[in-house]
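Since the structure is predicted, the reported quantities are computational estimates derived from the model, not experimental observations.
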Amino acid sequence: VQLQASGGGLVQPGGSLRLSCAASGRTFSGYYMGWFRQAPGKEREFVAAVNWSGKIPVYAHSVKGRFLISRDNAKITAYLQMNSLKPEDTAVYYCAAAPSLATTPEEYNYWGQGTLVTVSS
């Protein structure tokens, strides 16, 4: 599976962004999709993941209630809708694919290249 993340940019605190992760290659619908982020000087951290049908999402505590993960298997694309953004959400965001619902980077087999999200006034 090849993954291409997009949609990052500069946004003011309280604003919204939607990230997209376009997939190609092997069967997209057979994989669980996840989003991670990495801020400067910090380790990569789990943000959200969703199962193959899109009906079972999992969120990190820090983004629960503000972020929404989804997927469109027909368009072979996953999304991360980010609302009420805070400066501490600033990071490079990565999408990834795994054979099961997972929350650690080691469990993911495929990674996109990352897209930068900057939350600042």
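Annotation: the span from F46 atom CZ to S62 atom OG amounts to 9.5 Å, rounded to 0.5 Å. Here OG1 of T115 is found 10.0 Å from OH of Y94. Values are rounded to the nearest 0.5 Å. With values rounded to the nearest 0.5 angstrom, L68 atom CG is found 12.5 Å from Y79 atom OH. A distance of 9.0 Å separates CD in Q113 from CG in L3, rounded to the nearest 0.5 Å. For the atom pair T103 OG1 and F36 CZ, the distance stands at 7.0 Å (nearest 0.5 Å). Residue Y59 holds its OH atom at 12.0 Å from CZ of R66, rounded to the nearest 0.5 Å.
Checking N83 against S16 by side-chain atom types alone, a donor-acceptor pair falls below 3.5 Å.
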Exercise for the section: Determine, step by step, whether R37 and L80 satisfy the side chain to side chain contact (heavy atoms under 4.5 Å, CB included) criterion, reporting the C-alpha distance in whole Å, the side-chain angles of both residues, the deciding distance to 0.1 Å, and the verdict. Expected result: CA-CA 12 Å; R37 65 187 182 186; L80 185 69; over 6 Å; no

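Put simply, the side chain of S120 never gets that close to the backbone of T118: no donor and acceptor are under 3.5 Å apart. Judged purely by atom type and a 3.5 angstrom limit, D72 uses its side chain to pair as donor or acceptor with the backbone of K75. The backbone N or O of G8 lies less than 3.5 Å from no partner atom in the side chain of R18, so there is not a single donor-acceptor pair. A donor-acceptor pair under 3.5 Å links the side-chain atoms of Y108 to the main chain of A102, judged by distance alone.
Annotation for A23 and V1: closest pair CB-CG1, 4.2 Å, computed over non-hydrogen atoms. Closest of all the heavy-atom pairs between N109 and A98 is OD1-CA, 4.0 Å. Between A39 and A91, the shortest heavy-atom contact is N-CB, 3.8 Å.
Counting heavy atoms from C-beta on, the side chains of W52 and Y31 never come closer than 4.5 Å. Within the 4.5 Å cutoff, no side-chain heavy atoms of W35 are placed close to those of V50. Considering only heavy atoms from C-beta on, N73 comes within 4.5 Å of R71 through its side chain. Residues C21 and M33 have side chains in contact (heavy-atom distance under 4.5 Å, counting atoms from C-beta outward).
Residues V47 and Y110 are members of one and the same hydrophobic cluster, defined by side-chain heavy-atom contacts under 4.5 angstrom among Ile, Leu, Val, Met, Phe, Trp and Tyr. I69 and Y32 fall into different hydrophobic clusters, where Ile, Leu, Val, Met, Phe, Trp and Tyr residues are linked whenever their side-chain heavy atoms come under 4.5 Å apart, directly or through other members. Placement of F67 and V11 within a single hydrophobic cluster is found when ILVMFWY residues are connected by side-chain heavy-atom separations under 4.5 Å, directly or transitively.
When the side chain to side chain contact (heavy atoms under 4.5 Å, CB included) test is applied to V117, the partners found at least two apart in sequence or on another chain are L17, L19, M82, Y93, V119.
E43 CD: 12 or fewer foreign heavy atoms inside a 6.0 Å radius.
Cation-pi geometry between R44 and W111 is satisfied (NZ or CZ under 6.0 Å from the ring centre, within 45° of the ring normal).
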